[in-house]
Amino acid sequence: MTTQATQDVQSVEAQHVLQIYKRANVVFERGEGVRLIDSNGRSYLDFISGVGVVALGHGHARLAAAIADQAKTLIHTSNLFYHPLQAELSAKLATLTGLDRAFFCNSGTEAVEACLKFSRRFWKGSRTKYVAFSHSFHGRTMGSLSVTWDDHYRAPFAPLIPNVVFVDANDPAALSAAVDETTAAVIVEPIQGEGGVRPISLAMAQAISTACAGTGALLIADEIQSGCGRTGTFTYSEQLGLKPDLMSLGKALGAGVPIGAAMFTDRVAAAAAPGDHGSTYGGNLLACRAALVFLDELINGGVLANVKKVGAHFDARLAEFKARHPKVVALRGAGVMRGIDIGEDAGWVVPAALERGLLVNRTSTSVIRLLPPFVITEQHIDEAMGILDEVVR
Ligand SMILES: *Cc1c(COP(=O)(O)O)cnc(C)c1O
């Protein structure tokens, strides 16, 4: 695509695409591994991976072949019939999450909606309160938005669903006080992603477990960003000792093909009856096939082991970075989910890094977020940190 063609894309979008995204001034045409190539042939190191989605990198040969094969065989049948791939995928996810059952959908927010609906279904109307956290992000549809903290997202769409209580994510005592016998569920991101890559503390995890055990409130873990291996274990809940009753998965699960999953214990799932919920596309063959390839690469293809290995390298390089740059106030995250808090608006870092061929993004005002594909090498980390060094200096 020429520069003229790039301008054409931008002018047509300006006229016909709903203006809700502030896109960077670049048109991407293809990808190779951890690099994206723009319309002028320039290559960028991708430390966003489509916001935590493209876990196996771009143009992954085995994934591409599986998608092509599935497209030729059967893409979609609806949920009126059986096909072999939901069964296979649900059994694998049950093993990996420790939860019994899956509901398949097409995005993260739909997975959260399913968790919200079935945590209410469980209580048959006797409990409707949700407890959520400061800095939480759970999605953009009306239910998930209702448990999302940031007023910037919420206010234009009020009134949202009632009876949601937000608790300071750094205050375990406040959580204990907020969860009571009217609480249907507590919903938590084990590492808050959009909220600034903030892991909840072990003390908070303990307080959540105790409060849920004491009151019967269900626990929903939103692992859409922190899950599927991004932090070195399949879920970050494992590292915190959290035992959720419901869990939302998405983002990396399809390695780029849209799929979400809500996971349930048998105890919660027992309240669900045919007709309670559904999805036209949810769990179709194409999406399930992609997720099966992703999980096979993750577990049997060495990708999860790679996250652990490069995660340790990330720790070392980030610590050096912090030592060199006094403005860095905190490093947070695990595996290939990292936040560098520079204690001031980090908005300027994003275009400066882009100019030098590195894609990163900014969350929670002051945080540079790094969400590379799971298949990065130590050399990619060195390259990215070298560019950030130049930018932040
Ligand atoms: C991205 C995200 C969502 C929303 O997922 P969509 O696929 O954009 O609907 C929900 N929760 C968390 C923790 C996320 O990171």
Side-chain angles (χ1 to χ4, degrees), residues 18 20-21 48-55 97 103-117 119 130 132-150 152-154 157 160-161 164 166 169 185-200 204 208 219-231 234-237 239-240 242 244 246-263 279 281-283 287 290-291 294 332-339 361-364 367 369-372 374:
L18 190 69
I20 49 171
Y21 298 115
I48 300 177
S49 64
V51 197
V53 169
V54 188
T97 61
F103 166 77
F104 293 109
C105 49
N106 317 290
S107 65
T109 198
E110 287 172 81
V112 171
E113 294 293 332
C115 291
L116 294 174
K117 283 182 77 175
S119 57
Y130 296 109
F133 289 93
S134 59
H135 296 284
S136 66
F137 180 87
H138 297 293
R140 309 280 202 154
T141 52
M142 292 300 264
S144 63
L145 187 60
S146 302
V147 288
T148 290
W149 175 75
D150 194 336
H152 175 74
Y153 300 134
R154 302 166 55 87
F157 304 102
L160 300 174
I161 64 168
V164 177
F166 289 96
V186 175
I187 180 164
V188 63
E189 292 160 90
I191 301 183
Q192 297 182 326
E194 304 307 302
V197 192
R198 299 171 203 272
I200 63 159
M204 180 58 90
I208 292 170
L219 176 59
I220 304 170
D222 182 349
E223 293 267 10
I224 289 167
Q225 194 164 142
S226 55
C228 291
R230 181 165 286 283
T231 68
F234 191 74
T235 66
Y236 195 70
S237 292
Q239 296 184 38
L240 293 171
L242 284 177
L246 307 94
M247 181 184 291
S248 51
L249 296 172
K251 292 208 165 96
L253 182 59
V257 176
I259 182 170
M263 303 298 301
S279 167
Y281 289 131
F294 165 68
R332 293 189 294 266
V336 290
M337 178 174 186
R338 302 288 181 157
N361 84 338
R362 189 264 317 243
T363 62
S364 192
V367 181
R369 179 172 52 168
L370 310 175
L371 288 176
F374 297 7

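Start at 1 and go down the list; that is how both ligands and their atoms are numbered. What you see is a predicted model; the values in this text were computed from it and never measured.
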Shortest non-hydrogen contact between Gly229 and Phe374, atoms and distance: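 Looking at all heavy atoms of both residues, the shortest contact is C-CE2, 3.9 Å.
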
Closest non-hydrogen atom pair, Ile200 against Glu189: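 So the minimum-distance heavy-atom pair works out to CG2-O, 3.9 Å.
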
Partner residues of Glu113 under the side chain to side chain donor-acceptor pair (under 3.5 Å) criterion, sequence neighbours left out: Thr141

For Ser134, the side chain to side chain donor-acceptor pair (under 3.5 Å) test, sequence neighbours excluded, returns none

Phe103: ring pair (Phe, Tyr, Trp, His ring centres under 6.0 Å) partners, not counting sequence neighbours: His277

Distance under 4.0 Å, heavy atoms only, partner ligand 1: which residues pass? Ser107, Gly108, Thr109, Phe137, His138, Gly139, Glu189, Asp222, Ile224, Gln225, Lys251

For the pair Tyr153 and Phe137, name the ring-plane relationship: parallel under 30°, tilted 30 to 60°, perpendicular over 60°. perpendicular

